[in-house]
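See structure below.
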Amino acid sequence: METNHKSEKTEKTSLNFIEAIIEEDLKKGKNASKVHTRFPPEPNGYLHIGHAKSICLNFGIAKKYQGKTNLRFDDTNPIKEDVEYVESIKEDIRWLGFDWHAEYYASDYFEQLYAWAIQLIEAGKAYVDDSTQEEISKNRGVPTSPGKESPYRNRSVQENLNLFRRMRAGEFSDGSRVLRAKIDMASPNMHMRDPVMYRILHASHHRTGNDWCIYPMYDYAHGQSDSIEGITHSICTLEFEVHRPLYDWFCENLQIHHPQQIEFARLNINYTVMSKRKLLQLVQEKHVMGWDDPRMPTLCGLRRRGYTPASIRNFAEIIGVAKRENVIDFSLLEYCVREDLNKKAWRTMAVLDPIKLIIDNYPSEKIEYVQAINNPEDPQAGSRALPFSRELWIERSDFMEDAPKNFFRLTPGREVRLKYAYIVKCESVDKDDKGNIKAIHCSYDPETRSGMPESNRKVKATIHWLSAQHAKTAEVRLFDRLFCVADPDEVTEGKSFLDNLNPNSLQIIKAYTEPEFPKTEVFTNYQFERIGYFCIDKDSTDSKLVFNQTVALKDTWAKQK
RNA sequence: UGACCAAUGGUGUAAUGGUAGCACUGCAGUUUUUGGUACUGCCUGUCUAGGUUCGAAUCCUGGUUGGUCAACCA
């Protein structure tokens, strides 16, 4: 695990608005000048790149101010939560490169939360409501007009105490009663209209089993959990802004440590969806291969796609933090992986769409070995020997019979360099009856082998190749964006985001590769020279390698075509 | 027809009353045995109307636009 990554980009001098708040607090000596954050996922789904923004923020801030970050599972709804998710969440956070100070669960605090509820009842600030869910909803009113007080609102403390204890004891059925905070049914903030604190749920919890049949609501659990852990700055997304008065109300009325809730705008990326519900739907309805499908914005999906932790951390840094709604260009994420992989990924040659190139004047039995550089960005990476022979595979797109003037590659009568080998000249092409090109015939200049003086001759292009008799085959999975429109959620009547799915987001092909790879561990990143970055997929076997395309190299030629 | 929040190039984010900067994208060029990388240059911006001030992206007021809130979800 990478635990000690120093700031990957140049040190940022300006502060985001949260850091500004924290520095102000530090200056004032608030919280004894300590910083303690938390990352509070609900274990009901896999983490995605939006969570990565939050993780990097919370852990990053704590690190910057010599503070701590807790991992706390917000597990107050047993119906939706599962241990499968807590394991994947921990794995993803570690993979991203972070280690938490302590691992907690909101369910650890059920007993304390219950005691505090009793305390609020005794203070006349909470009551048991026997109304049905429909009645409560109806009486809450709408944002533009006040709600109506429940007929049970003014029960005696004794009666409330008795009822609430019996709720806990399991005497009542699901949904028959709730505990509500007595605040203000006329508040313009809906969350202050006597919010539900506890509901009855005879359900087994992944940690507390059947100990409880009443479970606290988010609003009643979150702030107090923060408080118990001594959190100083409780950072969450914008939609919780309207919950803040409630967060504050519970802390104040319970007279407990009062962390400061700060909201920031969640991450959105175009051509993708970020809601857990929708990602779950994509998985359940099998529009993708699973949570870790390389087209998914989940952390396990990105990992399988070949994204590195450093590239995602850098992305989180670059996008910044603010309160304004934002949509980040997918190209920024791609930039971040390319930047990281350019430095780290070893190069190899692969031919995805092969066509035979025959060097007529090269001896048919001859095999030479040429030296290929493993990574031009890293001299330490060294070089490898590649077999060269008379018949080669080259990329179909590297030849054009009637080429425009801006096409630099192979065309009849023109020379190109075969990378690390010789300069060849196209002499003729073989075609079948239908006029399809079967093979390209070239002549080579023996004086132009890389390293020889003549090899410095100016040619317009250098192309990659593979010795046909030595090349191995591999499965390569090419990906395009999962959705074909920038905002998949923008749909006309009767349509859903699923109608915006890109039918061509996955293409599986057979490709030729070099005979050897230095590493074949899952997730190993390579650059296929002149094509893009690829990584080894978990579906690889001893006899067949499977590669996932991480991202294509920039291609100015493809653009001007 | 309520409350709260936000508004800076195509996108994101700085400027904390004093020269509107950075990154991505796009475009043009230099270098290059990857049409990659690196490097250089260019395009494009303070929602609007007032006010305060010597001076406003920044403070105030009105408007406009966008977002959030009416689960016994988080």
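Between the CZ atom of A/R266 and the P atom of B/A6 there is a distance of 18 Å, rounded to whole Å. Whole-Å rounding puts the A/I319 CD1 to B/U25 P distance at 16 Å. Rounded to whole angstrom, the span from the CD1 atom of A/I328 across to the C1' atom of B/G10 amounts to 13 Å.
Every pair passing side chain to side chain donor-acceptor pair (under 3.5 Å) that includes a residue from residues 213-226 of chain A is listed here, sequence neighbours excluded: A/R38-A/H222, A/R72-A/D226, A/D74-A/H222, A/D219-A/H243, A/D226-A/S234, A/D226-A/Y247.
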Could you run through nucleotides 29-46 of chain B and give me one letter per nucleotide, 5' to 3': B if any protein heavy atom sits under 4.0 Å from the base, S if only the sugar-phosphate is that close, - if neither?
----BBBBS---------
Which letters describe nucleotides 67-72 of chain B, given B = protein heavy atom under 4.0 Å from base, S = only from sugar-phosphate, - = neither?
SSSBSB
Using a 3.5 Å limit on both pairing distances, list the dot-bracket string of RNA chain B from the 5' end; Watson-Crick and G-U wobble pairs count, crossing pairs take [ ], interstrand pairs take |.
.((((((..((((....[..)))).(((((.......)))))....(((((..]....))))))))))).....
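Checked against ring-ring contact (aromatic ring centres under 6.0 Å, His included), A/F172 has no partners two or more places apart in sequence or in another chain. For A/H233, there are no ring-ring contact (aromatic ring centres under 6.0 Å, His included) partners two or more places apart in sequence or in a different chain.
Contact annotation for A/V327: backbone-only contact, meaning every heavy-atom pair under 4.0 Å involves sugar-phosphate atoms and none involves a base. A/N326 comes within 4.0 angstrom of the backbone, heavy atoms only, and of no base.
For the OP1/OP2 pair of B/C73 and a distance below 4.0 Å, the side-chain nitrogens and oxygens of A/K276 include no atom meeting the criterion.
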